[in-house]
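Have a look at the structure below, then the notes.
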Amino acid sequence: MSRYSLRARVNTFYAGMLALALIVFSIAVYLGVRAFLTRSLERSLSNSAESIVSDYLVPLDRKGDSWFLAEMNESYPPGSSDPFVRVTQGNRIRYQSGDMRDPYVNMSELALPSNPSWFHSIHRETTANGQRLMIYTLPYRALNGSIFFVETGTTIEPIRHVLRSLTEILLVTTPVILILATFGGYFLMSQPLKPVVTLTEQAERVGRERLGERLPVIQTGDELERLSLSLNRMIDRLEEALAHNHRFSADASHELRTPLTIIRGELESLIQMPSLPLPVVDGIGSALEECNRMAKIVHSLMTISRLDGGGEQMEMIPVDLVELVKATLEHMVLLAEEKQISLRFEYGKAVVVSGDPMRIKQVVVNLVDNAIKYTPNSGEVKVTVTSHEKKALLWVADTGIGIPITALPFVFDRFYRSDLARSRESGGTGLGLAIVKAICSAHGGSASVESVEGRGASFRIELPLLAPDVTVTDQARTFASTSSLYQTVGPRDSDKDSLTKI
Ligand code: ADP
């Protein structure tokens, strides 16, 4: 999902609305200008016709034809073209101005006024050369009863010319305004959206790192402020629910420990009673086995709950991961040898982290125990410790059964066991990797896995590095100095207790 998608969507909506408004505005301007020009032209034609009647036809009887012609010639000379004027009496033309020149219109083409619907109004005509004319016809009855028709007309070419120019201007300016406004709007919107981006980034961190943090409250007094407050309240509720969950698991496992110890004690003393029938011994034996398994689960659950809930007191001291892994593997080599699995350790110079050595050791034990457990005889398990930038890295890779791609997202979940693991009756509880993850998180690190089914799995642990970065040359040496430790070093008995997978 794009970070700007809201911005883009709002901007697209805004650009669409603006485009619509500009189109409506352009059409309105075009129609308005056309109506205004047409009405002005009509008014000027009717005014001219009325002034011809009042100035020249009304006094015609008194002043005579020659006065009329002289006056008309002077006001509307035969050579003049705009507006053209024609005065007819019956079918006789009493006066006609010259042909129109630009554009040329031959006035003698025009039919004499005969249609009564033309009287006192404008009608339009198209000449043989395609010129469109507007003509106003004004009938006049003289005192002696003669009927005159005064026609004033003009071409509508000037109006069309103005409208063409206006269309060109609108066609150029509308897209330019639209583009400028869209880009301007896009950049202007980044400011009001900034708090949303900050909120999103912070929300991402709250989920990923820890729930203890809260979102910054955007004090704008609007929906954004309400949103940040609501999200913070939601995180409060989530944190409370999680804490409740952790408390419940911790309390339940704690409460189960005592009865389990008592049951185990009772069973152990029962099994030692003399002359018990064999089936009873078998029954007690298997009950003891299940009891031990249950005690292990309860212990693991309690560990996870404490680590997740922050209730676990960890002894944080500088730990050299190389030395710790080396010592741990020395004790696990027997496990590998039982299955003729080659256990290799690759390391370079010291990789120092701040942590609880017993807990980090547990991570190594759980991962290596799994690697051996899920690798068939004569396979290979390789453990690598190195550092990169500010991280200490621990890899445990094997050539075993691998993890199906559908199971990969769940392997660190509590009680999760893939079908491949179940079918092999490995006796696991599905809590080992959950503990690994909880320990890594408690140390500010992370655990991840890559695997191809049937080709082995590779677990990667990242912990914050305490010592300064190793250089590139050091890293090169790390991988060059592979050591096969276990041909020469054997296990020490003193550490055996801490080497059990939980
Ligand atoms: P379990 O006690 O069942 O081993 P874990 O939490 O240690 O529980 O592991 C969870 C599941 O992850 C296992 O049941 C198994 O399906 C899978 N798994 C863990 N490590 C490996 C490995 N090295 N190779 C293949 N599958 C593994």
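We use all heavy atoms of the structure for the numbers below, so side chains are in, but hydrogens, waters and symmetry mates are not. All ligand and atom numbering here is 1-based and tracks the order in the structure.
For residues 20-39, the set of pairs meeting the side chain to side chain donor-acceptor pair (under 3.5 Å) definition, not counting sequence neighbours, comprises Ser26-Thr174.
Residue contacts with ligand 1, taken as heavy atom pairs separated by less than 4.0 Å, do not involve Thr375 at all. For Tyr416, every heavy-atom contact with ligand 1 shorter than 4.0 Å involves the backbone, none the side chain.
Remark: distances from the non-hydrogen atoms of Phe412 to ligand 1 are all 4.0 Å or more. Within the 4.0 Å heavy-atom shell around ligand 1 one does not find Asn366. For Ala371, the heavy-atom gap to ligand 1 drops under 4.0 angstrom.
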Please determine whether salt bridge (Lys or Arg N to Asp or Glu O under 4.0 Å) holds for the pair Glu462 and Arg460, giving the CA-CA distance in whole Å, both sets of side-chain angles, and the decisive distance to 0.1 Å. CA-CA 7 Å; Glu462 262 185 40; Arg460 174 190 159 104; 2.6 Å; yes
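The closest non-hydrogen atom to atom 12 (O) of ligand 1, taken over Val449, Val368, Val411, comes from Val411. Nearest-residue assignment for atom 26 (N) of ligand 1 (options Thr429, Val381, Ile403, Ile435; heavy-atom criterion): Ile403.
The Gly402 neighbourhood of ligand 1 comprises atoms 25 (C), 26 (N), with distances under 4.0 Å to a heavy atom of that residue. Atoms of ligand 1 found under 4.0 Å from any heavy atom of Leu431, numbered from 1 in the order shown, are 6 (O), 8 (O).
Ring geometry, Tyr416 versus Phe410: the interplanar angle falls from 30° to 60°, so the pair is classed tilted.
A salt bridge is absent between Glu239 and Arg237: the closest approach of a Lys/Arg side-chain nitrogen to an acidic carboxylate oxygen does not fall below 4.0 angstrom.
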Would you be so kind as to tabulate the donor-acceptor pairs closer than 3.5 Å made by side chains of residues 251-260, with sequence neighbours excluded?
residue	atom	partner	partner atom	Å
Ser253	OG	Ser249	O	2.4
Ser253	OG	Ala250	O	3.4

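Among the atoms of Ile401, none of the N or O lies under 3.5 angstrom from an N or O of ligand 1. Geometrically, ligand 1 and Leu433 share a nitrogen or oxygen pair separated by less than 3.5 Å. Checking only distances, Gly432 does come within under 3.5 Å of ligand 1, N or O to N or O.
Of all heavy-atom pairs between Ile263 and Cys291, the closest is CG2-SG, 4.0 Å. Taking every heavy atom of both residues into account, Gly185 and Asn11 meet most closely at C-OD1, 3.4 Å.
Taking the centre of each ring, Tyr347 and Phe345 come in below the 6.0 Å mark.
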